[in-house]
Amino acid sequence: MSYYMHRSPWWFHRFETLSNHFTELIIPFFTFLGRRMCTINGVIQILFQVVLIISGNLSFLNWLTIVPSLACFDDSSLGFLFRSGGGAKKAVLEVQGEDLAGHTPKPTKGMLMRRVVNVSLGILIGCLSVPVVLNLLSSRQVMNTSFDPLRIVNTYGAFGSITKERTEVIFQGTLSSDPKDPEAVWEEYHFLCKPGDIYRRPCLISPYHYRLDWLMWFAAFQTYEQSEWVIHIAGRLLANDSTVISLLDHNPFHGRDKPRWVRGEHFIYKFSRPGSNSAAQGKWWLRKRIGAYFPPVELEGLRGYFQSRNWPHPHIPTKRKSRDL
């Protein structure tokens, strides 16, 4: 769905933006306008999250957002989930009937204590939320930060900013002894879900979360010096480490010799246009090379790099050593 929604007409994107702001900024206030409006709020919020689930890979985030929306539905709204002859439903209807008739029982000591605790907790959360609200209104907003030692209230945001281009890091390996040889054949590793092979259809992983794919996406925003763990992955690929290989969809050196060199290439990806020649050729993606993300590395050359960071160095087989000599 993301492929077709991305290539939708301009007016559809305007509608998306307006409906997004309306759903997130206006609809939540329906909660305080009575039972019916509260239920409408719950329905709209859940439908909104479902649209996000089928149109984008945000893993479990949208499913978690659905959970608080369930509180918008009272017992009457959810009554269809219970059997009509069930005792639980009958008891709930009796309690609701007494409330409507004004036959509310006198509060017990336990009920009064619970009200005191609830009000006290509400006041505490309100006071602790003051710096959070001030941060929200600030032009220098800080995300993913806690403002109290107990971390009761925090600022959270999955994305501090949204980029207009999608960049990807592509791992490539070669069996050539010289990475600078123009005749060297570089073969690509493919991850489970993130863009790589331009002929592979975009996948839907929700509610699962492929952590390595997710981290590779963020690494593409930075340099390998800022994301040193990328070099750690490269070293593991050079050793054909089974743990790392299991996190990939395609290992070009499966059943063959280990790669002599691995490098990272930096690309810009964008969707092909439906009906275009590229789409007719089966290309879901178009990509353009930006440059090298990290230079070719080999296993022995990474020994010092790994030792300086206290990383266990992948085992270098004796057979490879003797052949290199």
Side-chain angles (χ1 to χ4, degrees), residues 166-201 203 210-217 219-220 222-269 281-325:
R166 173 141 197 165
T167 57
E168 295 288 347
V169 177
I170 305 298
F171 283 108
Q172 298 176 342
T174 183
L175 295 173
S176 175
S177 59
D178 183 7
K180 297 181 181 180
D181 184 357
E183 301 297 324
V185 178
W186 292 92
E187 302 178 69
E188 297 186 0
Y189 293 88
H190 297 157
F191 286 74
L192 293 172
C193 193
K194 88 176 192 70
D197 181 6
I198 60 176
Y199 291 95
R200 186 173 69 172
R201 184 183 63 184
C203 63
Y210 295 136
R211 183 67 175 175
L212 182 56
D213 290 51
W214 182 271
L215 291 176
M216 286 297 299
W217 179 32
Q222 303 173 325
T223 64
Y224 75 89
E225 291 91 350
Q226 296 171 303
S227 303
E228 293 182 340
W229 58 268
V230 172
I231 305 300
H232 188 273
I233 295 294
R236 296 297 176 179
L237 293 178
L238 285 164
N240 259 355
D241 184 272
S242 59
T243 302
V244 173
I245 296 298
S246 66
L247 301 176
L248 304 180
D249 180 60
H250 172 67
N251 172 21
F253 302 97
H254 176 70
R256 303 161 56 191
D257 288 340
K258 297 179 179 65
R260 297 291 298 271
W261 298 86
V262 167
R263 70 183 182 184
E265 292 289 281
H266 210 185
F267 290 88
I268 293 179
Y269 274 73
Q281 297 171 7
K283 296 179 181 179
W284 290 88
W285 299 94
L286 301 176
R287 73 180 187 181
K288 180 180 179 181
R289 184 177 182 271
I290 302 174
Y293 185 78
F294 65 84
V297 294
E298 49 96 20
L299 203 53
E300 183 61 42
L302 287 177
R303 185 178 294 277
Y305 190 90
F306 274 57
Q307 289 177 347
S308 66
R309 290 155 179 79
N310 295 320
W311 295 343
H313 188 268
H315 174 65
I316 303 177
T318 305
K319 183 178 180 181
R320 164 63 65 83
K321 280 186 174 181
S322 61
R323 186 167 65 245
D324 290 348
L325 295 175

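All heavy atoms count here, side chains included; hydrogens, waters and symmetry mates do not.
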Handout entry: Row check, F267 ring normal vs R287 NZ/CZ: under 6.0 Å, within 45°
Key = yes

Exercise for the section: With R200 as the cation and W285 as the aromatic partner, state whether NZ or CZ is under 6.0 Å from the six-membered ring centre and within 45° of the axis. Expected result: no

Side-chain heavy-atom pair [X], [Y] within 4.5 angstrom cut-off:
{"X": "C193", "Y": "W217", "value": "no"}
{"X": "I290", "Y": "I268", "value": "yes"}
{"X": "N251", "Y": "Y189", "value": "yes"}
{"X": "T167", "Y": "Y269", "value": "no"}
{"X": "F306", "Y": "P312", "value": "no"}
{"X": "L175", "Y": "D257", "value": "yes"}
{"X": "W186", "Y": "S176", "value": "no"}

Completion exercise
Heavy atoms of F171 and V230 approach each other most closely as CZ-CG1, 3.6 Å

Exercise for the section: Would you name the heavy atoms of A234 and V262 that are closest together and state the gap between them? Expected result: CB-CG1, 4.0 Å

Handout entry: For D197, all residues meeting salt bridge (charged side-chain N to carboxylate O under 4.0 Å, His left out), sequence neighbours excluded
Key = none

Under 3.5 Å, side chain of [X] to main-chain N/O of [Y], donor-acceptor pair present?
{"X": "H266", "Y": "A220", "result": "yes"}
{"X": "Y293", "Y": "R263", "result": "no"}
{"X": "Q281", "Y": "K283", "result": "no"}
{"X": "H313", "Y": "L299", "result": "yes"}
{"X": "S227", "Y": "W229", "result": "no"}
{"X": "Q222", "Y": "A219", "result": "no"}
{"X": "T174", "Y": "V185", "result": "yes"}
{"X": "K194", "Y": "V169", "result": "yes"}
{"X": "R236", "Y": "H232", "result": "no"}
{"X": "W261", "Y": "S177", "result": "yes"}

Using residues 238-245 as the side-chain source, report each donor-acceptor pair under 3.5 Å to any protein atom, sequence neighbours left out, with the distance given to one decimal.
unit_1, atom_1, unit_2, atom_2, d
D241, OD1, T243, N, 3.0
D241, OD1, V244, N, 3.2

Exercise for the section: Mind running side-chain contact (heavy atoms from CB on, under 4.5 Å) on I231 and L302 for me, showing each step along the way? Expected result: CA-CA 9 Å; I231 305 300; L302 287 177; 3.7 Å; yes

Problem - Pairwise distance CD(E265) to CD(E188) - rounded to 0.5 angstrom - result: 9.0 Å

Practice task
Kindly compute the distance separating CG (D213) from CG (L247), expressed to the nearest 0.5 Å.
Solution key: 8.5 Å

Exercise for the section: Output, in order, the C-alpha distance, side-chain angles, deciding distance and verdict of side-chain contact (heavy atoms from CB on, under 4.5 Å) for F191 and D249. Expected result: CA-CA 5 Å; F191 286 74; D249 180 60; 5.9 Å; no

Handout entry: Side-chain ion pair, E187 and R256, N-O less than 4.0 Å
Key = yes

Practice task
Give a yes or no on whether a salt bridge exists between R309 and E228, defined as a side-chain N under 4.0 angstrom from a carboxylate O.
Solution key: yes

